[in-house]
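The structure under discussion appears below in the form of structure tokens.
What's counted below: heavy atoms across the whole structure, side chains too, no hydrogens, waters or symmetry copies. Sequential numbering from 1 along the given sequence is applied to the chain's residues.
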Amino acid sequence: METSKPVLGTLLNRQIRYVVPVFQRHYVWTEEYQWKPLWDDIQNKIKERVNKQRLHTHFTGSIVLNQETVTTNVLSTYSVIDGQQRLTTFQLFLIAFREVCRKAEDNDDLTAAINEFIFNKPSFDDTNFEDQKYKLVPTKFDIEIFKDIADLTYDEFYIKQLQPILDEHGIGPRTYREVAKNRNKIMGAYLYFFDELTEYISNKQHNLSTLELIKYILLSIQNDFQFIEIGLSPDDDPQMIFETLNGRGASLTETDLIRNYIFMRADANGENLDSIYDKYWDEYDNPNAIYKWHETITRGRYKESKIQFFLIDYLTVQTREEIRYDQVFYRYKSFIINKNPFESSEDELKELYAYSQIFKRLTHPSNNSVLEKFAKRLLALDTTTIFPLLMYIEGENDISIADKDKIYNNLDSYITRRFICGLTAKNYNKVFLDFLNFFIKSKSIDKNEEEIDEDVLNIADSFMKYLETKNKDTNSWPNNYILKDKILNRPIYREEKGKPKALVNIFLEIEDFSRNSMQERIKIATENLTIEHIMPQKWYENWPLNGQSITEDEFAISAQAIYTENDVNGVYHLIDKRNSSLNTLGNLTVLTNSLNPSVSNDSYKKKRPEIIKKSILILNSYFQDIQDWDEGSIKERSEGLYEKIIEIWAFPTSNVSV
């Protein structure tokens, strides 16, 4: 390892290529945290020079370079292991400075002087100068916009890149310029520095002429910003140095560290980085990919990117342990070092990619396969700690498709019944790890069996039997007797008020089940669906109780007054009984369009035709023949729903209690 302390001018004023490897993250610096502080530093350095103060170079950060073994006939080429964000930002500043100078002075010599920091000079017998001319080569996701910025004048760039945005958005509170900055960080940095430099020079800071001010800016940017340049030798470990510089900072995500760890090992092994990146990693980094891997989602109280959650789930499959959210890289590296599970980095990436495609299906289910119908329900229930288990099962080639579907159906029944019964989901991470261990141990036993007894159950049936053995509140599979009691008596709407999507999903599954083979299957836009109480929550306005009108005051104090009322058939007990009944499954339905609030709280006679009119669901055709609605009607409908639910989410016939 060799170290030096060059200023920016020394780094750039030579024939050289700094290539950002394909696996490095694309440009991510922003105005608030990086561009503006850098511009403030530049202005301070200019001020020091103008005021003839004692000059001190400003330490800008480190840059780690690894010289590539293949070079052109005249150009040394270096991979930028660390520092590419800084180097890219300074290049964008220089290009913006060139264009501001072009407009302010239009001096060819000045333009050529600045270009010496941006472009290499052509040499004799240079057959591919267009590829070699850039001193900085960003990643594949940034290179095209960077080339446009470097090659075009500002006016040419405006016509090509900015005019279409102006035509689309116009000038208003959200101006086209802000849209352009947010659309692409490379373009954003260029426009930010162009605008700041334009204002700075046009205002003739420090009472200097335009040309004098330009000279001070050029002197400062060349000589006042110092780097620690670390040049690696063949014996150095680029990954270890990278981790030391970045692993404890906030600038890189756990995913960034994992990606670099994989590809630096691939590079050391002589694998084709471009090829394996394009095959297996490109879609994770590609901002134009359909599936947004870096989009933030929630899982319980945690908020992370999808790719971070995927890597956590993948590591859970591999280690069969809970993975802390702040230790993903550490656990991944430990897994690779201790298990040494892959012959090559390409094999490692191939497996990650295969599991990631399953994760995509779970987080964005798009068809009606057994797995993806189940996944839709899991998302509605916010029960995603089961994903590692499902990823393992779906990725296991030794389990037949038929057995997989049977396993998914049993898990669906297990989770949905527990939700309907109000059983806790707090321990699900441990419960599903236990299930995962069951499958992995079963596979190990199967592999060790020389002869398979024909009476031995297959994996799906074995797992069903295993589920039946669970008998604690945290892991039991509710039988039909328990389920029926909860459907008839549990005020599910009140107790699960934070999960309306889960209730909608359950009703839609009942709707789908209710449509027989002769009836048309319809696709319903679930985002427009609402849960409706048949007997409204404010029923006292239009729904007499045993023929007696209830006042708002009686309704309001009933929850407390019941404790002072000894008669179980007294008015407050009856109010409490009705309030519990109206929040059970039998009093709920789904509407494709919500009712007007005045109709929603109206009498059943007026409400019933509106429910039928505003719904295309067979579920609501039930009310066409029901003339009155009270506690008895709710119980009767609950029993009808129960009969359908036990068919949809079946319980093993060997242990059915009704």
Side-chain angles (χ1 to χ4, degrees), residues 5-12 18 20 24-51 53-64 80-101 114 117-118 136 138-139 142 145-146 149 175 177-203 205-206 213-214 216-230 242 245-253 256:
K5 299 179 181 179
V7 293
L8 184 66
T10 305
L11 273 176
L12 296 176
Y18 298 110
V20 181
Q24 294 279 27
R25 64 178 176 173
H26 48 272
Y27 187 70
V28 297
W29 276 19
T30 62
E31 178 177 340
E32 181 180 0
Y33 295 108
Q34 287 91 20
W35 307 338
K36 186 179 185 303
L38 175 59
W39 174 230
D40 290 342
D41 291 338
I42 293 171
Q43 291 178 87
N44 288 335
K45 287 301 168 187
I46 295 167
K47 186 177 179 181
E48 287 177 9
R49 284 185 171 275
V50 171
N51 294 336
Q53 295 173 324
R54 186 176 178 182
L55 299 177
H56 300 279
T57 55
H58 179 84
F59 174 63
T60 309
S62 62
I63 177 169
V64 181
V80 185
I81 304 303
D82 186 56
Q84 75 272 18
Q85 302 283 329
R86 296 182 188 89
L87 209 49
T88 303
T89 304
F90 274 107
Q91 279 281 286
L92 293 167
F93 178 90
L94 284 163
I95 298 167
F97 179 50
R98 180 194 69 191
E99 292 310 302
V100 172
C101 291
I114 299 172
F117 299 103
I118 302 165
L136 175 73
T139 67
D142 294 327
I145 190 72
F146 179 81
I149 291 169
T175 70
R177 218 163 177 81
E178 288 306 311
V179 173
K181 286 182 184 179
N182 292 328
R183 187 167 289 185
N184 183 284
K185 291 290 195 298
I186 290 269
M187 181 159 58
Y190 172 59
L191 293 177
Y192 172 79
F193 290 126
F194 181 89
D195 292 343
E196 294 296 326
L197 282 162
T198 298
E199 182 179 1
Y200 187 78
I201 290 175
S202 64
N203 289 341
Q205 296 286 334
H206 311 297
L213 192 53
I214 286 171
Y216 274 112
I217 297 172
L218 188 56
L219 276 172
S220 180
I221 202 71
Q222 278 183 263
N223 300 307
D224 294 342
F225 291 87
Q226 187 178 57
F227 292 77
I228 297 293
E229 179 183 351
I230 302 172
F242 179 83
L245 291 170
N246 291 287
R248 293 170 178 79
S251 58
L252 291 175
T253 66
D256 291 327

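Counting only distance, with no hydrogens or angles, the side chain of E31 and the backbone of K36 share no donor-acceptor pair below 3.5 Å. Here the side chain of T198 pairs a donor or acceptor atom with the backbone of F194 at under 3.5 angstrom. In this structure, Q222 contributes its side chain and G9 its backbone to no donor-acceptor pair below 3.5 Å. Under a 3.5 Å cut-off, the side chain of Q34 and the backbone N or O of T30 do form a donor-acceptor pair.
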Could you walk me through whether F90 and L11 satisfy the side chain to side chain contact (heavy atoms under 4.5 Å, CB included) test, starting with their C-alpha distance in whole Å, then the side-chain angles of each, then the deciding distance to 0.1 Å, before giving a yes or no? CA-CA 11 Å; F90 274 107; L11 273 176; over 6 Å; no
Worked verdict on W35 versus E196 for side chain to side chain contact (heavy atoms under 4.5 Å, CB included): CA-CA 10 Å; W35 307 338; E196 294 296 326; over 6 Å; no
Could you go step by step and tell me if Y18 and Q84 meet the side chain to side chain contact (heavy atoms under 4.5 Å, CB included) rule? CA-CA 9 Å; Y18 298 110; Q84 75 272 18; over 6 Å; no
F117/F97 under side chain to side chain contact (heavy atoms under 4.5 Å, CB included): CA gap, chis, key distance, verdict: CA-CA 12 Å; F117 299 103; F97 179 50; over 6 Å; no
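With sequence neighbours left out, the salt bridge (Lys or Arg N to Asp or Glu O under 4.0 Å) criterion links D41 to no other residue. Partners of T10 under the side-chain contact (heavy atoms from CB on, under 4.5 Å) rule, at least two apart in sequence or in another chain, are P6, V7. In terms of the side-chain contact (heavy atoms from CB on, under 4.5 Å) criterion, residue partners of L219 (sequence neighbours excluded) are, by chain and number, R49, N223. Residues meeting the ring pair (Phe, Tyr, Trp, His ring centres under 6.0 Å) test with F146, sequence neighbours left out: none. Annotation: salt bridge (Lys or Arg N to Asp or Glu O under 4.0 Å) contacts of K45 (sequence neighbours excluded): E48. When the side-chain contact (heavy atoms from CB on, under 4.5 Å) test is applied to D142, the partners found at least two apart in sequence or on another chain are H26, Y27, P138, T139, I186.
Q85 approaches V28 most closely through the heavy-atom pair OE1-N, 3.0 Å. Nearest heavy-atom pair across H206 and Y200 is NE2-OH, 3.2 Å. Annotation for T60 and R86: closest pair O-NE, 3.1 Å, computed over non-hydrogen atoms. The minimum heavy-atom distance linking L197 with V100 is given by the pair CB-CG2, 3.9 Å. The nearest pair of heavy atoms linking A180 to L191 is CB-CD1, 3.8 Å. Contact between Q91 and L12 at its shortest, heavy atoms only, is NE2-CD1, 3.5 Å.
A 4.5 Å side-chain heavy-atom check between I228 and K5 finds at least one atom pair inside the cut-off. Side-chain contact between R98 and I118: present, with at least one pair of heavy atoms (C-beta onward) separated by less than 4.5 Å. Looking at heavy atoms from C-beta onward, L136 lies in side-chain contact with V20 at the 4.5 angstrom threshold. I217 is listed as a side-chain neighbour of I201, based on a closest heavy-atom distance under 4.5 Å.
Separating the OG atom in S62 from the CG atom in D82 is a distance of 4.5 Å, to the nearest 0.5 Å. Residue Q24 holds its CD atom at 10.0 Å from OG1 of T88, rounded to the nearest 0.5 Å. The distance from the CZ atom of R177 to the NZ atom of K181 is 7.0 Å, given to the nearest 0.5 Å. Residue Q226 holds its CD atom at 10.5 Å from NE2 of H58, rounded to the nearest 0.5 Å. Taken from CG in L38 to CD1 in I42, the straight-line distance is 4.0 Å, to the nearest 0.5 Å. In this structure, the separation between CG on L218 and CG on L213 is 11.5 Å, given to the nearest 0.5 Å.
Results of the ring-ring contact (aromatic ring centres under 6.0 Å, His included) test with F93 over Y190, F225, F193 single out F193 as the only residue that passes.
For Y192 and W39, the gap between ring centers reaches or exceeds 6.0 Å.
Defined by atom type and a distance below 3.5 Å, a donor-acceptor pair is present between the side-chain atoms of T253 and D256.
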